[in-house]
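Notes follow the structure.
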Amino acid sequence: MLRSTFLHLPGVGPATEAALWRDGIRDWRELAEGAHPLGTSPAHRERLRAELAASEAALAGGDAGWFGRRLPAGEHWRVYSAFRERTAFLDIETTALSPYEGMVTVVAVHGGGATRSFVAGEDLEELPAYLGRFPVLVTFNGRYFDVPFLEATFPAFVAPPVHIDLRFLCYRIGLSGGLKRIETTLGIGDRTGVEGIRGLDAVRLWREYRAGSAAALERLVRYNRADTVNLEPLLERVAGDLVRRLLPPPLPSR
DNA sequence: CACTCCGAGAGTTTAAGGGA
DNA sequence: TCCCTTAAACTCTCGGAGTG
């Protein structure tokens with residue numbers, strides 16, 4: 001999808017991009033080499049050529065942030081398929097909805113072939129450095145909740161340059177409600193062992209752990225990991241849907 | 001419950017293309 | 001070469017939905 005994206009180019013908006021697709025121009029090379037209505041003035045044409053070359057270089061060099069800076073937040077999902085192995089799915093548990101009233105308790109990061117949990121009072125301090133290895137972040141409502149909370153908790157925390165917030169993407173394809181309701185609607189995700197646990201229960205489980213229950217922490221960590229890991233099939237589903245909605249059907253194979 | 005600013009839509013600016 | 005029309009990009013405003 002990233003190679004079919006023209007939205008990050010100067011002077012190209014949704015309408016121009018859709019027109020290019022309709023004309024059968026499906027990737028950067030076709031735009032750079034083909035005769036097209038863009039770049040009628042030599043200066044603009046040269047600028048486009050330079051941006052297309054820079055796009056190729058950024059993709060080859062693994063610079064996801066280059067695209068993150070040029071694409072609107074709502075289109076960051078287009079970067080995902082080209083950077084799967086460097087994508088981190090994230091979910092945090094806290095004791096309240098605002099960082100002024102609560103604290104981060106448990107965090108899970110799923111990506112790069114591993115799922116790691118961080119626990120306050122144990123290894124939570126290692127989270128910012130660990131997350132820093134991933135240029136692409138995926139959350140559900142993380143733009144408002146997880147990221148601001150982490151920024152308030154760790155002054156040095158810098159969010160990855162590409163942030164895909166599934167909440168708004170789900171809404172765009174007609175899926176409303178929280179994460180669990182959407183999982184049920186789509187029939188995806190695995191909640192074995194954490195059935196029935198909801199966000200508010202995370203606050204209670206943390207208190208029970210602090211009061212001495214090791215089982216409560218184990219349960220909280222398991223719940224947090226389920227929330228996080230389930231973001232991956234959800235993004236695959238949503239991204240696939242968005243591509244089908246956006247791109248005209250592929251040309252018949254020859 | 002408090003908090004957040006994206007998303008949609010209207011309004012404004014900018015750039016392309018055609019006619020003279 | 002310039003100007004006018006038109007279409008798209010860009011900017012602003014405001015309400016809303018989900019987080020533990």
Side-chain angles (χ1 to χ4, degrees), chain A residues 6-23 36-45 47-48 51 68 70-77 89-108 118-120 124 137-153 159 162-185 194 196-210 216-217 219-228 230-231 234 238 242 245:
Chain A
F6 304 118
L7 209 51
H8 62 299
L9 301 172
V12 177
T16 302
E17 185 180 62
L20 288 170
W21 289 337
R22 270 198 308 277
D23 291 345
H36 52 80
L38 281 179
T40 48
S41 74
H44 187 210
R45 197 183 179 83
R47 203 167 152 220
L48 271 176
E51 285 290 318
R70 282 167 177 77
L71 286 170
E75 300 299 331
H76 276 198
W77 63 272
F89 297 85
L90 171 91
D91 185 49
I92 73 173
E93 307 303 325
T94 68
T95 55
L97 288 173
S98 119
Y100 307 104
E101 299 167 44
M103 58 170 278
V104 178
T105 58
V106 173
V107 177
F118 298 84
V119 178
L124 184 60
L137 179 72
V138 182
T139 62
F140 192 91
N141 200 35
R143 230 166 247 285
Y144 300 161
F145 185 73
D146 304 66
V147 167
F149 220 117
L150 290 177
E151 283 170 345
T153 304
V162 176
H163 183 179
I164 302 166
D165 191 329
L166 279 163
R167 181 188 156 192
F168 301 106
L169 297 180
C170 284
Y171 194 76
R172 198 187 296 174
I173 63 170
L175 295 167
S176 60
L179 179 60
K180 288 150 199 74
R181 183 168 150 196
I182 290 171
E183 280 179 16
T184 306
T185 303
V194 295
I197 304 185
R198 300 169 71 249
L200 207 53
D201 297 315
V203 180
R204 178 179 53 78
L205 287 168
W206 180 256
R207 285 203 203 101
E208 289 174 14
Y209 159 64
R210 296 306 291 170
L217 178 63
R219 205 162 159 70
L220 176 57
V221 166
R222 193 194 279 260
Y223 163 74
N224 174 239
R225 285 169 86 96
D227 264 4
T228 308
N230 289 354
L231 292 177
L234 179 58
V238 169
L242 286 168
R245 272 168 189 252

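Quick note on labels: first sequence line is chain A, next is B, and so on, each numbered from 1.
Ion pairing of A:E51 with A:R70 is present here, as a side-chain N (NZ or NE/NH1/NH2) and a carboxylate O approach within less than 4.0 Å. Contact check on A:R225 versus A:D91 returns no salt bridge, with no Lys/Arg side-chain nitrogen under 4.0 Å from an Asp/Glu carboxylate oxygen. Salt-bridge formation is detected for the pair A:D201/A:R204: a Lys NZ or Arg NE/NH1/NH2 atom is positioned less than 4.0 Å from an Asp or Glu carboxylate oxygen.
When the C1' atoms of four end pairs are superposed on the next four at each end of the helix from B:dC1-C:dG20 to B:dA20-C:dT1, using five pairs per end, the two resulting axes differ in direction by 30°, to 10°.
We find that CZ of A:R70 is positioned 18 Å from C1' of C:dC10, with the value rounded to whole Å. Taking atom NE2 on A:H8 and atom C1' on C:dA9, their separation rounds to 16 Å, with Å as the unit. Between the CG atom of A:L166 and the P atom of B:dC6 there is a distance of 16 Å, rounded to whole Å. One atom, CG of A:L9, and another, C1' of C:dA8, lie 15 Å apart when rounded to the nearest Å.
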Going 5' to 3' through nucleotides 13-20 of chain C and flagging B where a protein heavy-atom sits under 4.0 Å of the base, S where only the sugar-phosphate is that close, and - otherwise, we get ----BBBB

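Looking at residues two or more places apart in sequence or on another chain, you find no ring pair (Phe, Tyr, Trp, His ring centres under 6.0 Å) involving A:F140. Scanning for ring pair (Phe, Tyr, Trp, His ring centres under 6.0 Å) contacts around A:Y223 gives an empty result, with sequence neighbours left out.
At the heavy-atom level, A:P14 lies under 4.0 Å from the strands shown only through sugar-phosphate atoms.
Classified by interplanar angle (parallel below 30°, tilted 30° to 60°, perpendicular above 60°), the ring pair A:F6/A:W21 is tilted.
Screening residues 164-178 of chain A for side chain to side chain donor-acceptor pair (under 3.5 Å) gives A:E75-A:R172, A:N141-A:R167 as the qualifying pairs, with residues at least two apart or on separate chains. For residues 11-20 of chain A, the pairs satisfying salt bridge (Lys or Arg N to Asp or Glu O under 4.0 Å) are A:E17-A:R78, with sequence neighbours left out.
Comparing A:D165 and A:Y100 by the nucleotide of DNA chain B whose heavy atom lies nearest to each, the residue mapping closer to the 5' end is A:Y100.
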